[in-house]
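Here the structure is laid out as structure tokens; the discussion comes afterwards.
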Amino acid sequence: MKKKIVVIVNPVSGVGKQKRIEKLLKDNINHDIIDYDIRYTEHIHHGTEIARECCQRDYDAIVAVGGDGSVNDVVSGMFGSGKVLGIIPCGSGNGLARNMKLSLIPAFAVRNLNYWHETTIDTIRLNDRYTVVSIAGVGFDAFIARLMKSAKTRGFATYLNFIMREYPTYECKDYKLSFNGREIERNAWFIVFANSNQFGYNAAVAPHAKLDDGLIDVSIVDKIPIEHIGLTGPLVYANHFELSQHVEMFKARDIMVRGNVDHWVNIDGEGENIGPDLHFVNHQASLRVIGQHTVVDAHEYNIAKIKKTIKI
């Protein structure tokens, strides 16, 4: 029996690769085994509404096309439904896709759906209202996400420009964290609560995070002096951020955070105004996902043909 999927496309996500999705699907889906419908989002969090509606229909999977924010929107609408998630990464950071080792070449990501290699991953619930698929954060992290929310352009250049502009003046904040029967107070530049290992762009701020271990990885980061950035930056991209003297890491299933005076939280790259008190809870094996099949790589296909038909 054929699988039936719905593909939810954020037409303004990331760097524009998603704009060719209709041709990508037509050329790369195995039409003998998969039928598909396409839906386009029209406003913020429309993906959540569409996904929730599609969960009531006979789709075998709901596929998100876009970046981490677009994936989050779709998963938020799917939460608790038992439906399968597919991902075609077309954002700028693509943190979850990178952690799952999904191909960032859209044609390959579409073809990966044909193999239907299903796995399960955890999700994190925040205040029993918001779903975190990849990573959440408070402090400077959330402040930059807030600025990105209203930015006219997306992508790494915009993200980096905000960081460079705001870095000198953003001050550390005081937080009280309760977890594993302990309570600690920290003055932090930012704190991340991670399901996957990175923000995106391969910036691994929680290098030991695993998507299926039932735990939230927490990284508490001091403001890094300018003279130490040259040493700390390479550690992030080498997957060894834990070696920095400016970071403290631990794991927990359930974490309370008080004192979020900014009120904003970065949820999978999108800023949300939530409030001063936060409760993060890991929901183990709560999301079924089409993962990367091992045979789907650049060596399987005629690269010349791909480059000729699809500009990436």
Side-chain angles (χ1 to χ4, degrees), residues 68-69 72 93 95-96 99 124 126-127 130 132-149 151 156 158-179 184-209 216-229 231-237 239-252 255-280:
D68 288 322
N72 181 283
L96 179 62
N99 192 186
I124 300 169
L126 169 56
N127 289 2
Y130 301 91
V132 181
V133 189
S134 185
I135 201 164
V138 297
F140 188 69
D141 170 23
F143 180 64
I144 296 299
R146 176 183 178 182
L147 295 178
M148 288 292 291
K149 194 179 186 79
F156 184 71
T158 302
Y159 183 73
L160 183 60
N161 180 62
F162 280 137
I163 290 175
M164 298 296 290
R165 190 186 77 185
E166 304 296 337
Y167 176 89
T169 58
Y170 189 88
E171 299 294 333
C172 294
K173 305 293 189 296
D174 292 323
Y175 301 93
K176 183 180 291 184
L177 291 83
S178 303
F179 61 97
I184 64 174
E185 296 183 11
R186 293 291 185 271
N187 181 251
W189 186 37
F190 68 88
I191 306 175
V192 297
F193 307 87
N195 191 37
S196 76
N197 67 351
Q198 62 176 274
F199 283 140
Y201 309 108
N202 286 320
V205 290
H208 302 299
I216 302 168
D217 279 58
V218 181
S219 297
I220 303 174
V221 183
D222 298 331
K223 191 164 187 178
I224 302 167
I226 291 177
E227 61 269 22
H228 288 187
I229 290 177
L231 298 173
T232 306
L235 292 177
V236 173
Y237 286 96
N239 220 37
H240 286 298
F241 193 33
E242 77 280 3
L243 298 180
S244 171
Q245 63 180 299
H246 302 291
V247 64
E248 174 185 359
M249 297 181 179
F250 61 86
K251 295 173 180 281
I255 305 161
M256 290 288 301
V257 181
R258 296 180 177 87
N260 182 33
V261 295
D262 289 344
H263 287 214
W264 284 79
V265 180
N266 170 17
I267 300 179
D268 292 334
E270 301 293 333
E272 296 288 348
N273 189 341
I274 295 177
D277 298 325
L278 310 172
H279 186 198
F280 297 91

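No experiment lies behind these values; they were computed from the predicted model shown.
With sequence neighbours excluded, the residues forming a ring pair (Phe, Tyr, Trp, His ring centres under 6.0 Å) with Phe179 are Phe250, listed by chain and number. By the salt bridge (charged side-chain N to carboxylate O under 4.0 Å, His left out) test, Glu248 is found to be paired with Arg186, residues two or more places apart in sequence or in another chain being considered.
Closest approach of Asn187 to Asp222, counting heavy atoms only: O-OD1, 3.8 Å. Among all heavy-atom pairs drawn from Gly95 and Ser134, the shortest one is C-OG, 4.3 Å. When every heavy atom of Val247 is checked against every heavy atom of Glu242, the shortest pair comes out as CG1-CA, 4.1 Å. Contact between Ile255 and Val218 at its shortest, heavy atoms only, is CD1-CG2, 3.2 Å. Of all the heavy atoms in Ala209 and Ser196, the pair that sits closest is CB-O, 3.4 Å. Minimum heavy-atom separation, Thr158 to Ala151: CG2-CB, 4.1 Å.
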**Asked** Passes side-chain contact (heavy atoms from CB on, under 4.5 Å), Asp141 versus Val205? Steps please.
**Response** CA-CA 11 Å; Asp141 170 23; Val205 290; over 6 Å; no
**Message:** Using side-chain contact (heavy atoms from CB on, under 4.5 Å), reason through Phe140 and Lys223 one step at a time and then give a plain yes or no.
**Reply:** CA-CA 9 Å; Phe140 188 69; Lys223 191 164 187 178; over 6 Å; no
**Request:** Would you check, one step at a time, whether the test side-chain contact (heavy atoms from CB on, under 4.5 Å) holds for Arg165 with Leu147?
**Result:** CA-CA 11 Å; Arg165 190 186 77 185; Leu147 295 178; 4.0 Å; yes
In residues 257-264, what donor-acceptor pairs under 3.5 Å come from side-chain atoms, sequence neighbours left out?
unit_1	atom_1	unit_2	atom_2	d
Asn260	ND2	Trp264	O	3.4
Asn260	ND2	Gly275	O	3.1
Asp262	OD2	Tyr170	OH	2.4

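Side-chain atoms of Tyr130 and Asn72, non-hydrogen and from C-beta on, never get closer than 4.5 Å to each other. With a 4.5 Å cut-off on side-chain heavy atoms, Asp68 and Val133 do not count as touching. Within the 4.5 Å cutoff, the side chain of Ile144 has no heavy atoms near those of the Asn266 side chain. Put simply, the side chain of Met249 does not reach to within 4.5 Å of the side chain of Asp217, judged on heavy atoms. Contact of the Val265 side chain with the Phe193 side chain is not registered, since no non-hydrogen atoms from C-beta on lie closer than 4.5 Å.
In this structure, Ile135 CD1 and Ile267 CD1 are separated by 12.5 Å, a value rounded to the nearest 0.5 Å. Expressed to the nearest 0.5 Å, how far CD of Glu185 lies from NZ of Lys176 amounts to 4.5 Å. Between Asn195 atom CG and Leu96 atom CG the span is 8.0 Å, to the nearest 0.5 Å. Taken from CG in Asn239 to CD in Gln198, the straight-line distance is 8.5 Å, to the nearest 0.5 Å. Within the model, atoms CG of Leu231 and CG of Leu243 stand 11.5 Å from one another, a figure rounded to the nearest 0.5 Å. To the nearest 0.5 Å, atoms NZ (Lys173) and CH2 (Trp189) are separated by 11.5 Å.
Taking the six-membered ring for Trp and thresholds of 30 and 60 degrees, His228 and His246 have ring planes inclined between 30 and 60 degrees apart.
Salt bridge annotation for Lys149-Glu272: present, with a cationic side-chain nitrogen under 4.0 angstrom from a carboxylate oxygen.
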